[in-house]
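Read through the structure below, which is laid out as structure tokens, and then see the notes.
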Amino acid sequence: MPSLLVLNGPNLNLLGTRQPEVYGRVTLTDIEEMCVAHAKLRDVGLSFQQSNHEGVLLDAIHDAKGKHDAIILNAGAYTHTSIALMDAVSSVELPMIELHLSNVHAREDFRHSSYISKVALGVICGFGARGYTLAMDAAISHLGHSA
Ligand code: DQA
């Protein structure tokens, strides 16, 4: 059974109360529950993590090697700044799908550039919380797994 790491970066722990007009009212716990249910349905393993600290996110990516088969990464604002996260993904050589709740391309200019995109298999953005299960399905399909 393939295993997915869903990794969330800074401020995503505040979902539900953070700019609901942009990110909706769904909490990260709600999203985790959706992902756990979807993993059961699709017969894949899942680890769901969040950190506000770049180094902790780096460690999580390093630890994924040998434990998980693909990474779904919502790096939050680190998307637009972190060469270190980009390098970590390249180093572990696992397929990674970049994910954003909001459509970053319809927002401020600084959100249009992404270091994460340079090493991503693909990008899903603008579908809110539903993007998480879409990203899981994209990863599962890439891995050639059927439940
Ligand atoms: C985000 C988009 C980023 O630009 C922002 O900094 C976030 C959330 C999203 O999920 O839409 O923290 O990654």
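For ligands, and for the atoms within them, numbers begin at 1 and follow the listed sequence. All residue numbers refer to positions in the sequence shown, counting from 1. These figures come from a predicted structure and were not determined experimentally.
Between the OG atom of Ser82 and the CD atom of Glu54 there is a distance of 3.5 Å, given to the nearest 0.5 Å. The OG1 atom of Thr81 lies 9.0 Å from the CD1 atom of Ile83; values are rounded to the nearest 0.5 Å. Leu101 CG to Leu15 CG: the interatomic distance, rounded to the nearest 0.5 Å, is 5.5 Å.
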Using atom types as modelled, flag every donor-acceptor pair under 3.5 Å from a side chain in residues 57-71 to any protein atom, sequence neighbours excluded.
residue	atom	partner	partner atom	Å
Lys65	NZ	Val92	O	3.0
His68	ND1	Ser3	OG	2.8
Asp69	OD2	Ser3	N	2.7

When you check ligand 1 against the protein, what N or O pairs turn up below 3.5 Å? List the atom names and distances, or just say none.
residue	atom	partner	partner atom	Å
ligand 1	4 (O)	His80	NE2	2.7
ligand 1	4 (O)	Arg111	NH1	2.9
ligand 1	6 (O)	Ala77	N	3.2
ligand 1	6 (O)	Arg111	NH1	3.1
ligand 1	10 (O)	Asn74	ND2	2.9
ligand 1	10 (O)	Leu101	N	2.8
ligand 1	11 (O)	Leu101	N	3.3
ligand 1	11 (O)	Ser102	N	2.9
ligand 1	11 (O)	Ser102	OG	2.6
ligand 1	12 (O)	Arg18	NH1	3.2
ligand 1	12 (O)	Arg18	NH2	3.0
ligand 1	13 (O)	Asn74	OD1	2.8
ligand 1	13 (O)	His100	ND1	2.8

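In the model, Asn52 has no side-chain atom that pairs as donor or acceptor with a side-chain atom of Tyr78 under 3.5 Å.
Taking the six-membered ring where tryptophan is involved, the planes of His80 and His100 are essentially parallel, since the angle between them stays under 30° and well short of 60°.
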